[in-house]
Number of protein chains: 2
Amino acid sequence: MTDDARSAAPAVGRSGLTMPHAPTLEEVARRAGVSRSTASRAINGGLKVSPAAQAAVDAAIAELNYTPNRAARSLVTRRTDSVALVVPEPDERVLTDPYFAGTLQGITAALDPTDIQLVLLIARRGEEAKRTTRYLLNRHVDGAVVVSHHRDDALDQVLHDSRLPTVFVGRPWAAAGDVAFVDVDNEHGGRIATEHLIKAGCTRIATIAGPLDMAAGLDRLAGWRSALHEAGLSDEAMARGDFTSAGGAAATERLLAAYPDIDGIFAASDLMAAGALSVLARHGRSVPGDIKVVGYDDLGVATSTAPPLTTLRNPVVEMSRAAGELLLAKITGGDQEVVPRIFHAELVVRESA
Amino acid sequence: MTDDARSAAPAVGRSGLTMPHAPTLEEVARRAGVSRSTASRAINGGLKVSPAAQAAVDAAIAELNYTPNRAARSLVTRRTDSVALVVPEPDERVLTDPYFAGTLQGITAALDPTDIQLVLLIARRGEEAKRTTRYLLNRHVDGAVVVSHHRDDALDQVLHDSRLPTVFVGRPWAAAGDVAFVDVDNEHGGRIATEHLIKAGCTRIATIAGPLDMAAGLDRLAGWRSALHEAGLSDEAMARGDFTSAGGAAATERLLAAYPDIDGIFAASDLMAAGALSVLARHGRSVPGDIKVVGYDDLGVATSTAPPLTTLRNPVVEMSRAAGELLLAKITGGDQEVVPRIFHAELVVRESA
DNA sequence: CTGTTAGCGCCTTCAA
DNA sequence: TTGAAGGCGCTAACAG
């Protein structure tokens, strides 16, 4: 064993102060009285290691408070033990949306039993987006979960072509059938919401749609449409929103101006519904008396509005957790069938409708 | 130059399909007609590199779409080019709070001009927390930003002792004066809020306090107290909340039961204020007629309540951005003075008070 | 079951 | 200004 001066003296940082020297495998092995390889084997799986050696290594690890150097390990295993959460959207909108928080929570839960770290990738447009793409393509992570995906970020194609293990939260645009994803049945949700309004006696039902370059926006709108068609009602009263409260408020103003006689509104998100409520209050329309309102998501805001919102419970956390687990399976298990897992939204009735 | 078979054939993944082979520095150098060292120098800073060589390397990089392998680089530079955002809280609460979204946005903005990645560390209690601590201590990141820090997670001490560059968002408990942090003047904010209620004619002013094991909770409470003392009013009517809407609602119920004659409420967060509004409505108390309400944060929810909340604008994004920039400075600049940056919250008057 | 031996891709002295 | 050579800490054959 060559005596290495480096391992004797603690490293000295820029400041000139001694820095705690992270223990290496070498030191663990030495302390355990075994070779590096044996120590390594004891750490990874422990196969073909005698109980004695295993115990010695375990003890050394505990005493030294050792953690493997990820960089060194990555270099040889060609795995990074990290996955990316890709958010292809610049603005505060996404981050502020409780939907995003739910996603984070679900994925974190899925990753929890592993030692895999979550790297956040906010993929701004243009030049920035290219940087993100390159980062992903050059395998700086073992896989990616994409959330809040829009039609024109070519993320689905790019990631599909790259063969980087990827799972979308929410149906991707292109390459469907070939790209793994989890989703809720948004069309069904939109239909349920609208049917609830119909059953409650509404006959002039408007919708505040989400962004139509997102699958969720499109699908919920389609659900609203099909319920109205089935009931023989008009599907004229549609205004686009952007999933934000302000957008919902603006859309409501437009709806009231164009269709003053509406008696029901299906908003494609609770945030937009909240915006609608405030505008309706300002216009002196009572809810649910004059106009009934149904939202979508039930991620917290629905209970803090006045009146509380009837809405569809969007199982975001469960869904994202499934996405995380699916990704884990893809990473460790290699390619396997991509059967999208579809969750269902449930109607939660409160005062607003 | 030894001919390496590996670089000729694309790697084959588990699935048996060819995988895109990430280009290496070796390939860039070969293509540019220079040595690895020159290529490396051209990539990092470009000092002592002839314009011709520089250009050749740049071209090769572009053609190959090359990105340095972070693991290999980390191994030798002993930097990871990643920083952690540490959230020492298990529950959904934190993630759902718009405060967290703001933090994320601010830090992301600070990191944007660099190539540093953000790693999310959700530090659950107990065993999990130890794993997080070890991860941090063993320098798997170059630095850390800690948000939503509680008294009993010993994060401040641990991180301070470890000498890992760290910045707290919100005043840490221990080691103050020695640990870098950014904060808003919460006591001042609490005072302003309360003074607004006093000026509006309230004389029996309650507060819904935040968690008292968090600096923000404590400081806002202190501000409320001092304003009341100054005005010669009672500071009896206090109920604890937990920064959530549900907690705010419960606290309000308790307040109304114990102090039925209150005419003003200062809630230490908008979420709690929203909960208060719904309870007040249920009890038939009009806002601001019977009871005036002031919240704290103005991160979106204040405008979607009925009535919209008078509140204190908490500059979370700016503050977190400052935290990120401070961290960057600490990482690159070595130890430097720790002058906490204190931001100020501004009163935003809306209908509720 | 264990130790020896080679690199993983990159940066960095050291000579030229 | 450039290239050759060594090594960061770890895993993975390959012998024993």
Side-chain angles (χ1 to χ4, degrees), chain A residues 1-7 11 19 21-57 60-61 64 66-81 115 138-140 142, chain B residues 1-7 11 19 21-57 60-61 64 66-81 115 138-140 142:
Chain A
M1 189 188 304
T2 56
D3 236 21
D4 190 342
R6 194 178 11 78
S7 55
M19 304 253 280
H21 166 64
T24 74
L25 182 61
E26 172 72 45
E27 297 172 54
V28 170
R30 185 159 30 193
R31 184 171 199 116
V34 298
S35 73
R36 256 171 27 222
S37 352
T38 302
S40 175
R41 280 188 287 258
I43 288 164
N44 310 305
L47 242 54
K48 308 206 170 204
V49 174
S50 70
Q54 180 70 259
V57 172
I61 289 176
L64 261 29
Y66 168 82
T67 321
N69 179 319
R70 286 178 110 91
R73 177 181 273 179
S74 287
L75 196 52
V76 38
T77 59
R78 293 161 163 294
R79 293 191 31 166
T80 64
D81 286 322
D115 254 318
N138 276 347
R139 309 265 156 173
H140 290 220
D142 297 335
Chain B
M1 187 187 303
T2 56
D3 236 21
D4 191 342
R6 195 178 10 80
S7 56
M19 304 252 280
H21 166 64
T24 75
L25 183 61
E26 172 73 45
E27 297 172 55
V28 170
R30 186 159 28 194
R31 184 171 198 116
V34 298
S35 73
R36 256 167 32 216
S37 345
T38 302
S40 175
R41 281 187 286 259
I43 287 164
N44 310 305
L47 243 51
K48 309 206 170 206
V49 174
S50 69
Q54 181 69 260
V57 172
I61 288 174
L64 260 31
Y66 168 82
T67 321
N69 178 319
R70 286 178 110 90
R73 176 180 274 180
S74 287
L75 196 53
V76 37
T77 60
R78 292 160 165 294
R79 293 192 30 166
T80 64
D81 287 322
D115 254 318
N138 276 346
R139 310 263 156 174
H140 290 223
D142 297 334

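Each chain gets a letter, A, B and so on, in the order the sequences are listed, and its residues count up from 1.
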Residue whose closest nucleotide on DNA chain C lies nearer the 5' end, B:A72 versus A:P51: A:P51
Return yes if the base of [N] and the side-chain atoms of [X] contain a donor-acceptor N/O pair under 3.5 Å, otherwise no.
X: B:T38; N: D:dT1; result: no
X: B:R41; N: D:dG3; result: yes
X: A:T77; N: D:dA12; result: no

Nearest listed nucleotide, side chain of [X], among [options]:
X: B:V76; options: D:dA12, C:dC11, D:dT1; result: C:dC11
X: A:R36; options: C:dA6, D:dG9, C:dG3; result: C:dA6
X: B:L75; options: C:dG9, C:dG3, D:dT2; result: C:dG9
X: A:N69; options: C:dC10, D:dG9, D:dT2; result: D:dG9

Between atom [atom1] in [X] and atom [atom2] in [N], what is the gap in whole Å?
X: A:E27; N: D:dC10; atom1: CD; atom2: C1'; result: 14 Å
X: B:R73; N: D:dG9; atom1: CZ; atom2: C1'; result: 18 Å
X: B:L25; N: C:dC8; atom1: CG; atom2: P; result: 13 Å
X: A:D81; N: D:dG9; atom1: CG; atom2: P; result: 19 Å
X: B:E26; N: D:dA4; atom1: CD; atom2: C1'; result: 13 Å
X: B:L64; N: C:dG9; atom1: CG; atom2: C1'; result: 15 Å
X: A:R70; N: D:dT11; atom1: CZ; atom2: P; result: 12 Å

In sequence, state the C-alpha distance, the side-chain angles, and the governing distance for B:R31 and B:E27, and then conclude on side-chain contact (heavy atoms from CB on, under 4.5 Å). CA-CA 6 Å; B:R31 184 171 198 116; B:E27 297 172 55; over 6 Å; no
Would you mind classifying the nucleic acid contact of A:A71 as base, sugar-phosphate or nothing, using non-hydrogen atoms under 4.0 angstrom? nothing
Between B:T80 and B:R70, what is the shortest heavy-atom contact and its length? O-NE, 4.2 Å
Distance check: side-chain N/O of [X] vs OP1/OP2 of [N], anything under 4.0 Å?
X: A:N44; N: D:dT11; answer: yes
X: B:Y66; N: C:dC10; answer: yes
X: B:R78; N: C:dC11; answer: no
X: B:S37; N: D:dG3; answer: no
X: B:S40; N: C:dC11; answer: yes
X: B:T24; N: C:dC8; answer: no

Test side-chain contact (heavy atoms from CB on, under 4.5 Å) applied to B:R73 and B:N44, step by step: CA-CA 11 Å; B:R73 176 180 274 180; B:N44 310 305; 3.0 Å; yes
Minimum side-chain heavy-atom gap A:V28-A:V57 below 4.5 Å: yes
Reported CD1-to-CD1 distance for the pair A:I61 and A:I43, which is rounded to 0.5 angstrom: 4.0 Å
Criterion side-chain contact (heavy atoms from CB on, under 4.5 Å) on A:V34 and A:R41, from CA distance to verdict: CA-CA 11 Å; A:V34 298; A:R41 280 188 287 258; over 6 Å; no
